[in-house]
Visitor: 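Have a look at the structure that comes next, please.
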Protein chains: 2
Amino acid sequence: MSEPKNASRLVRKQISFAVYGAAGRMARMHKPFLDPISLTFPQYLVMLELYTDAPRTVGELGTALGMDTGTITPLLKRLQVSGKVSRMRDPEDERRVIVDLTPTGLAIQEEVWGVSEKIKTACQMTEGDLTALRDTLHNFAHPAKA
Amino acid sequence: MSEPKNASRLVRKQISFAVYGAAGRMARMHKPFLDPISLTFPQYLVMLELYTDAPRTVGELGTALGMDTGTITPLLKRLQVSGKVSRMRDPEDERRVIVDLTPTGLAIQEEVWGVSEKIKTACQMTEGDLTALRDTLHNFAHPAKA
DNA sequence: AACTATTATATAGTACGCTAGATAAACCGG
DNA sequence: CCGGTTTATCTAGCGTACTATATAATAGTT
């Protein structure tokens, strides 16, 4: 009776479980590289986004990264406490908060960028496979509107 | 001047960001189906695992799902509070805690199983594509040992 | 039986990630 | 310029997830 009645129902068969496991492993793979520069994985994504274009408002960062305001606000506060970003009200529109890189944040730019290369190496997948997987997941996460 | 100097560094180009986004969207897709039966997404995974084989020890569940003891213990306590599982010390080895389904937990089995079909439909991907993606991610999350 | 090591689980602290509700500035029709 | 709506952000609370540490039972050794 410990035999599963319907093997197709196994957790391991679920696409959701595969994505869940991959996300966890991805974060764990980054940790040893991010710990020395005192960044968590979501903080790392925010820094990458700021290196691409800064300053940005809180809302722009949230939209670009798919993070909720209730997630990104405390995250940015922690980045501010660790000295990597600054936050100030936009004088033009005081509803907005402008996030910018500090000298400290800029100083670790090369190290932050280097992390992605180390990850790609650790993945042990070909460049082509990685690109294909990335595009498949991206299409899933951001499907075309109906 | 808004052109990034190094397009390969963009967050959107990162495989890690693609996995991160897909995991978030996956959890959000499950929410409307899981809310009516008062389950969170990780709790849903635990229930699936228990329907496959119960009773199980805390350690067995954690290994099967890739969850840490610090994650799964409070999760199981919440499932116990909501009446879906029971927890008791193993009389054979009192270090272990045995987790089992309650009548309440068994009663929602068909509903829980039905969720995965609804997700597959909502994904708008072919069965073959889903299987291929699942296997790719599974290989990534559980690579062959060195 | 006492000592030590190992194993299984629990607890505490930090950091997401979500939702709901609050706050305050900007906009807009009359 | 006045009141209502919209927009941008913040706050609070719950549920994961992780790390490090603690507890407690079992197993092995002497």
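Scope of the values below: all heavy atoms of this structure, side chains included, with no hydrogens, waters or symmetry mates.
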Visitor: Please figure out whether A:R87 or A:G24 has its closest DNA chain D nucleotide nearer the 5' end.
Guide: A:R87

Visitor: Looking at A:R134 and B:K13, would you say the former's side chain and the latter's main chain have a donor-acceptor pair under 3.5 Å?
Guide: yes

Visitor: Choose from C:dT9, C:dC18, D:dT19 the nucleotide whose nearest atom is closest to any side-chain atom of B:V58.
Guide: C:dT9

Visitor: Separation of A:E60 atom CD from D:dA8 atom C1', in whole Å?
Guide: 12 Å

Visitor: Without decimals, in angstroms, what is the distance between B:D68 CG and C:dT11 P?
Guide: 14 Å

Visitor: How many whole angstroms separate atom CD of B:Q43 from atom P of C:dC18?
Guide: 17 Å

Visitor: Which listed nucleotide (D:dG15, C:dA15, D:dT26) is nearest to the side chain of B:T40?
Guide: D:dG15

Visitor: Which part of the nucleic acid, if any, lies within contact of B:G70, taking any heavy atom under 4.0 Å across all strands shown: a base, the sugar-phosphate backbone alone, or nothing?
Guide: base

Visitor: Can you tell if the side chain of A:L79 reaches within under 4.5 Å of the side chain of A:R87, non-hydrogen atoms only?
Guide: no

Visitor: Nearest nucleotide by nearest heavy atom, which residue falls closer to the 5' end of DNA chain C, A:P42 or A:D90?
Guide: A:P42

Visitor: What's the CG-C1' distance between A:L75 and C:dA15, to the nearest Å?
Guide: 8 Å

Visitor: Do A:L76 and A:L61 have side chains that approach each other closer than 4.5 Å (heavy atoms only, starting at C-beta)?
Guide: yes

Visitor: Looking only at atom types and distance, does a side-chain atom of B:E60 sit under 3.5 Å from a main-chain N or O of B:T57, one as donor and one as acceptor?
Guide: yes

Visitor: B:L65 CG to D:dG15 P: how many Å, rounded?
Guide: 19 Å

Visitor: Closer than 4.0 Å, any side-chain N/O of B:K77 to the OP1 or OP2 of C:dT11?
Guide: yes

Visitor: Parallel, tilted or perpendicular: which one describes the rings of A:H30 and A:Y44, with boundaries at 30° and 60°?
Guide: tilted

Visitor: How long is the line joining CZ of A:R96 and P of D:dA8, in whole Å?
Guide: 7 Å

Visitor: For D:dT23, does either OP1 or OP2 sit under 4.0 Å from a side-chain N or O belonging to B:R89?
Guide: no

Visitor: Whole angstrom is fine here: how far is it from OH in B:Y20 over to P in D:dA17?
Guide: 13 Å

Visitor: May I have the distance from B:M88 (atom CE) to C:dA8 (atom P), rounded to whole angstrom?
Guide: 18 Å

Visitor: Within the pair A:R95 and D:dC10, is there a side-chain N or O less than 4.0 Å away from OP1 or OP2?
Guide: no

Visitor: Are B:T69 and C:dT9 close enough that a side-chain N or O sits under 4.0 Å from OP1 or OP2?
Guide: no

Visitor: Can you check whether B:R28 has a side-chain N or O nearer than 4.0 Å to OP1 or OP2 of C:dG17?
Guide: no

Visitor: Considering just the side-chain nitrogens and oxygens of A:T73, establish if one lies under 4.0 Å of OP1 or OP2 belonging to D:dT9.
Guide: no

